[in-house]
**Q** 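Let me give you the structure first, and then I'll get to my questions.
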Protein chains: 2
Amino acid sequence: MSAPASKSPATLHDVAREAGVSLATASRSLNGSARKVNEAYRQRVVEAAQRLGYTTNLFAQAVAKGSTTTVALLVADIADPYFSSIAAGVINAASEEGLVVTIAVTGRNAQRELDTVRALRGQRPRVMILAGSRTTGSAFEEQLRLELSSFEDTGGKVAFISQDAAPFATVLLDNYGGARDLAVALAGLGYRDVAVIAGPPEIRTAEERLDGFTEGLAEHGITLPPERIIHADFTRDGGYRGTQELLASGASVDLVFAVNDVMAVGVVSALRDAGIVPGTGIGVAGYDDIPTVRDITPALTTVRIPLEDVGRRALQLATGTAYDGGTAGVGAGPEAIPTETIIRGSTPRR
Amino acid sequence: MSAPASKSPATLHDVAREAGVSLATASRSLNGSARKVNEAYRQRVVEAAQRLGYTTNLFAQAVAKGSTTTVALLVADIADPYFSSIAAGVINAASEEGLVVTIAVTGRNAQRELDTVRALRGQRPRVMILAGSRTTGSAFEEQLRLELSSFEDTGGKVAFISQDAAPFATVLLDNYGGARDLAVALAGLGYRDVAVIAGPPEIRTAEERLDGFTEGLAEHGITLPPERIIHADFTRDGGYRGTQELLASGASVDLVFAVNDVMAVGVVSALRDAGIVPGTGIGVAGYDDIPTVRDITPALTTVRIPLEDVGRRALQLATGTAYDGGTAGVGAGPEAIPTETIIRGSTPRR
DNA sequence: ACTAGCAGAGAAAGCGCTTACCGAAGCGGC
DNA sequence: GCCGCTTCGGTAAGCGCTTTCTCTGCTAGT
């Protein structure tokens, strides 16, 4: 029943004693300090550290140095492939730079998002990356901006993913353009009677896609009547229910565009459950190109985003390691990530 | 071009001054210290903190207290739905306890796993959770165990997910039993000529599933000849290629079991590309019940694991907050998470 | 009225690390 | 052969916080 008698981890002090050198020398030997250390000493310190199983206490190091090696990543839902792909990119890029990633989940709840940002500040992360933020129109928008500005004022960097959130750095996903291109391509395939399963109106990413799609249709003289726009939850079930609603309305459509793939999967499922074979009577398209959509039947037409790159890019933007040299000044950033329309079986030529 | 003159974040010192109290009082006012503080003072401190936008520096707190609020989670691949679901569970459970989660990705690389564990120790996490560890048979196994034991000796807790890794705490997934039950169910449906797309032999989870499945078949008098066991990568493409290999061998099978769903999706795809309609000529089954498999055609027969619960459970096991009261002693743990066989369209009765 | 006792604020000693700063050697130049 | 310079260990002062301990100022008991 007694707690296991646990010695505490070795400290730098222990290492110094073991190696028979001073604290300072030990410290200098272990982190590539600017000052040189006699190689023989260094060797001894390194060996002593090894023998003792010593690892630098990052916290202590952080307080001494006044700066950390932490990156904070906020996502709406880590189990959603959109976000987990982004996370993968961030984590990989971070580990290349010796940074450690802390992930928090906001569940698309603005209050929780704000709370989380506040809590995360306690970690004094170097960088804070927000994906799937609900900044728009929320009552919390202003507070969030203030919080983030204050974070930047105290030396942090913030990067947003997807939505332009000036004055903060942004990896801009061209949701508008991607959706417009998709609409143009689909119109080119002969689709005319279109419905959209849109996301919640306060998610900007969703709205941008809707707007872009509308614009693309308009270029082909197709109008999207308001009653053909159904707002639903940004989930598979949201797509499913939105589709049921659409079908119940009796509208006759030849194409359903869901503003993300997760919803589109729900659309396909709902159509099928209603006895409609997607891709024959009604075309279906999504957005994101998550892995699943290649594997469902019919494979889904969608817009590809290089999600992992996006995550990686966000980190680099914030740490100033952006790859394409050039104009990485303060206001760098909102240079959009290219997007690609992918036509698959779910939208055959009509 | 000049760096933005950034003031550093407010410190407790600033707050104390602003509130006109001592450092000690400020500290006590802000964290529910054991000692009481005059309510009027406390109020003043809290307000001052608010005014200054102060958040406790967790690092400094950690070094002063000698303990952190960090949980380290190692997964093989965060973009894999299996792991991202587990991660979601861990993160949610952690945030309920005020803990912060750091995620690292090992890419199923034993060397990298070891390095990562070492690096993560620098954070002095309270808990380290390993999912998809490649402990088995790897040359690094012993080193990893040593590293983890030493971590526990210095006050940390480690929890493994899935594979029993005594002496460490484990959320045991009954891979063996789940696969056996599945085999029994499938045999009951009339399948006889079975092939298995197995995982890499050094991943224990994969082997357990293979063994359990074999056992289940044996109970029905079905033997699984070695040449019907194809080892492949634990990915969709692994499943795809494994299936190609199987088909090329000319074996006549009526069922393919892939030891996880991600691979099973590849199996379905490969069969289809070979002109075989999965579920008619050949049945397909997977394991995990990731969301995707409900949505492909035919929907996949699989074994469900409550992945989010598993993650949550792992954290609770390690922090000692396990829910089912009872025997949460030191050696608690390897009480398996229940598993459920789910028969879907991919394995109709023959 | 006087002392015992306690509540609670503040001073100060760390926590494990980094990094000026100091001072002892070792070196070459004249 | 002496002096100034460089090189490089060590000493000690923090970093921002917690917590023990001291000490003041009450309340209360007789």
Side-chain angles (χ1 to χ4, degrees), chain A residues 6-46 48-49 52-70 121-126 154-155, chain B residues 7-46 48-49 52-70 121-126 154-156:
Chain A
S6 64
K7 48 184 190 298
S8 34
T11 73
L12 186 57
H13 194 90
D14 301 333
V15 174
R17 186 148 30 82
E18 172 89 8
V21 302
S22 76
L23 243 186
T25 303
S27 170
R28 288 197 274 254
S29 303
L30 291 176
N31 52 34
S33 140
R35 276 254 314 250
K36 249 178 293 181
V37 171
N38 183 306
E39 182 56 24
Y41 277 20
R42 218 191 54 88
Q43 195 85 332
R44 270 182 30 213
V45 171
V46 169
L52 267 45
Y54 171 81
T55 12
T56 304
N57 182 328
L58 288 183
F59 283 13
Q61 179 167 284
V63 24
K65 283 199 172 176
S67 85
T68 67
T69 56
T70 304
R121 282 193 68 187
Q123 293 214 72
R124 304 287 185 270
R126 266 236 244 295
T154 56
Chain B
K7 49 184 189 294
S8 35
T11 73
L12 187 56
H13 194 88
D14 301 333
V15 174
R17 185 147 31 81
E18 172 88 8
V21 303
S22 76
L23 241 185
T25 304
S27 169
R28 289 195 274 255
S29 302
L30 290 177
N31 53 33
S33 139
R35 273 256 312 257
K36 250 177 292 180
V37 171
N38 183 306
E39 181 55 24
Y41 277 20
R42 215 191 56 86
Q43 195 84 332
R44 265 169 48 202
V45 171
V46 169
L52 265 46
Y54 171 81
T55 11
T56 304
N57 181 328
L58 288 182
F59 283 12
Q61 179 167 286
V63 25
K65 283 199 170 174
S67 85
T68 67
T69 55
T70 304
R121 282 193 68 187
Q123 293 214 74
R124 304 285 185 271
R126 267 237 245 292
T154 55

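Convention: sequence-line order gives letters A, B, ...; per-chain numbering from 1. Only this structure's heavy atoms are used, side chains among them; waters, hydrogens and symmetry mates stay out.
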**Q** With rounding to the nearest 0.5 angstrom, report the CG to OG1 distance, B:Leu23 to B:Thr11.
**A**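 B:Leu23 CG to B:Thr11 OG1: 7.5 Å, rounded to 0.5 Å.
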**Q** Just by modelled atom types, is the B:Thr69 backbone N or O under 3.5 Å from a matching donor or acceptor in the B:Arg126 side chain?
**A**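 Looks like no, no N/O pair under 3.5 Å.
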**Q** NZ of B:Lys65 to CG of B:Leu58: how many Å apart, nearest 0.5 Å?
**A**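 Between atom NZ of B:Lys65 and atom CG of B:Leu58 there are 10.0 Å.
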**Q** Expected output is a numbered-order residue list: members of residues 37-46 of chain B with a heavy atom under 4.0 Å from any atom of DNA chain C. What is it?
**A**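 B:Val37, B:Asn38, B:Tyr41 - these, ordered by number, are the residues of the stretch whose heavy atoms sit under 4.0 Å from the strand.
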**Q** Are any of B:Thr25's side-chain N or O atoms less than 4.0 Å away from OP1 or OP2 of C:dA9?
**A**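 It does not, given that no N or O in the side chain of B:Thr25 lies less than 4.0 Å from OP1 or OP2 of C:dA9.
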**Q** Are the side chains of B:Glu18 and B:Val15 in touch, meaning some heavy atoms are under 4.5 Å apart?
**A**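 B:Glu18 vs B:Val15: side chains apart.
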**Q** If every non-hydrogen atom of A:Arg44 is compared with every non-hydrogen atom of A:Gly20, which pair is closest and at what distance?
**A** NH2-O, 3.8 Å
**Q** Working to the nearest 0.5 Å, report the span between OH of B:Tyr54 and CG of B:Asp14.
**A** 9.0 Å
**Q** Roughly how far, to the nearest 0.5 Å, is the OG1 atom of A:Thr55 from the CZ atom of B:Arg121?
**A**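 If we round to the nearest 0.5 Å, B:Arg121:CZ and A:Thr55:OG1 are 5.0 Å apart.
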**Q** Ignoring hydrogens, what is the shortest heavy-atom contact between A:Ala26 and A:Leu12? Give both atom names and the distance.
**A** CB-CD1, 3.8 Å
**Q** Using C1' atoms of five pairs at each end, report the bend of the helix from C:dA1-D:dT30 to C:dC30-D:dG1 rounded to 10 degrees.
**A**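 Its terminal axes enclose an angle near 40°.
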**Q** Between B:Ser29 (side chain only) and B:Thr25 (backbone N and O only), is there a donor and an acceptor less than 3.5 Å apart?
**A**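 It does hold such a pair.
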**Q** Tell me, for nucleotides 11-18 of chain C in 5' to 3' order, what letter each nucleotide earns: B for a base near a protein heavy atom under 4.0 Å, S for only sugar-phosphate near one, - for neither?
**A** B--BBBBS
